**Q** 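Mind having a look at this structure? Questions to follow.
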Amino acid sequence: MAEETIFSKIIRKEIPSDMVYQDETVTAFRDISPKAPTHILIIPNYIIPTVDDVSEKDEQVLGHMFVVAAKIAREEGISENGYRLMINCREHGGQEVYHLHMHLLGGRPLGPMLAR
Ligand code: DGP
């Protein structure tokens, strides 16, 4: 079993978060340290530590994360102007929390994809 992170406690509502969406497979909540006017994390309700741990059994939930991201983006009013979905993997990717999560960022022009 992969080690739990703070995100498992957020899923179970054992610690508070600004949750914007939850269903049987995924949970979405506002990032504690937002980098844009909209900065929401979308996570599977079970632990996949990194993208490198993804396997075929995860295909449905990973696809669902995109459906939920698009739905939240529409609700946030950022769909028309656009937004960015980002998943960091391990050290070089800048991953801090080892429970796979998709960042939904928008509400202002986000600039180039990587810092130069
Ligand atoms: P990453 O660097 O891709 O692993 O992003 C982790 C993000 O998780 C980072 O932007 C801050 C956010 N984060 C970390 N701990 C918490 C928390 O306890 N609550 C919330 N809402 N966000 C958190």
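All ligand and atom numbering here is 1-based and tracks the order in the structure. Just so we're clear, the structure is a prediction, and the values are computed from it rather than from any experiment.
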**Q** Would you confirm whether the ring centroid of His103 sits within less than 6.0 angstrom of the ring centroid of His101?
**A** yes
**Q** Would you mind listing which atoms of ligand 1 come within a distance below 4.0 Å of any non-hydrogen atom of Asn88?
**A** 1 (P), 2 (O), 3 (O)
**Q** Among protein heavy atoms, which sits nearest to atom 9 (C) of ligand 1, and what does the distance come to when rounded to 0.1 Å?
**A** Asp31 OD2, 3.3 Å
**Q** Pick one: which of Leu62, Asp58, Asp52 meets side-chain contact (heavy atoms from CB on, under 4.5 Å) with Leu100?
**A** Leu62
**Q** When you measure from atom 14 (C) of ligand 1 to every protein heavy atom, which one gives the shortest distance, and what is it?
**A** Val97 CG2, 4.1 Å
**Q** Does any N or O of ligand 1 fall below 3.5 Å from an N or O anywhere on Ser17, backbone included?
**A** no
**Q** Side chain to side chain donor-acceptor pair (under 3.5 Å) with Thr38: which of Glu75, Arg30, Glu76?
**A** Glu76
**Q** Has His39 got a side-chain atom pairing as donor or acceptor with Lys35's backbone, closer than 3.5 angstrom?
**A** yes
**Q** Touching ligand 1 at all, Ile10? Heavy atoms, strictly under 4.0 Å?
**A** yes
**Q** Is it true that a side-chain atom of His99 and a backbone atom of Thr50 form a donor plus acceptor pair closer than 3.5 Å?
**A** no
**Q** Considering heavy atoms of the protein only, find what lies nearest to atom 21 (N) of ligand 1 and give residue, atom and distance to 0.1 Å.
**A** Arg30 O, 2.9 Å
**Q** Does the residue Tyr98 have a heavy-atom contact with ligand 1, meaning some pair of atoms that are separated by less than 4.0 Å?
**A** no
**Q** Would one find more than 12 heavy atoms of other residues, nucleotides or ligands at under 6.0 Å from atom CZ of Phe66?
**A** no
**Q** Assess Lys35 for proximity to ligand 1: is some non-hydrogen atom of it under 4.0 Å away?
**A** no
**Q** May I ask whether Gly94 places a heavy atom under 4.0 Å from ligand 1?
**A** yes
**Q** What about Gln95: any of its N or O atoms under 3.5 Å from an N or O on ligand 1?
**A** no
**Q** Quick one: look at Leu41 and ligand 1, take heavy-atom pairs under 4.0 Å, and tell me if it's side chain, backbone, both or neither.
**A** side chain
**Q** I need the single residue from Ile42, Ile11, Ile10 that forms a side-chain contact (heavy atoms from CB on, under 4.5 Å) with Phe29. Which is it?
**A** Ile10
**Q** Among all the protein's non-hydrogen atoms, which is closest to atom 18 (O) of ligand 1, and how far away is it?
**A** Ile6 CG1, 3.8 Å
**Q** On a heavy-atom basis, I'd like to know which of Ile15, Ile32, Ile43 is closest to atom 16 (C) of ligand 1.
**A** Ile32
**Q** In Å, rounded to the nearest 0.5 Å, how long is the span from CG of Leu110 to CE of Met86?
**A** 9.5 Å
**Q** Under 3.5 Å, N or O to N or O, is His39 touching ligand 1 that way?
**A** no
**Q** Say whether His101 and ligand 1 are in contact under the criterion: heavy-atom distance to a ligand atom below 4.0 Å.
**A** yes
**Q** State the atoms of ligand 1, each with its element, that fall below the 4.0 Å cut-off from a heavy-atom position in Phe29.
**A** 20 (C), 21 (N)
**Q** Give me the nearest non-hydrogen protein atom to atom 4 (O) of ligand 1 as residue plus atom name, then the distance to 0.1 Å.
**A** Glu96 N, 2.6 Å
**Q** Can you see which heavy atom on Pro49 is nearest to which on Gln95, and at what distance?
**A** O-NE2, 2.9 Å
**Q** Rounded to the nearest 0.5 Å, what separation is found between the CD1 atom of Ile43 and the OG1 atom of Thr25?
**A** 11.5 Å
**Q** Could you walk me through whether Thr27 and Asn45 pass the side chain to side chain donor-acceptor pair (under 3.5 Å) check?
**A** CA-CA 6 Å; Thr27 298; Asn45 287 347; 2.6 Å; yes
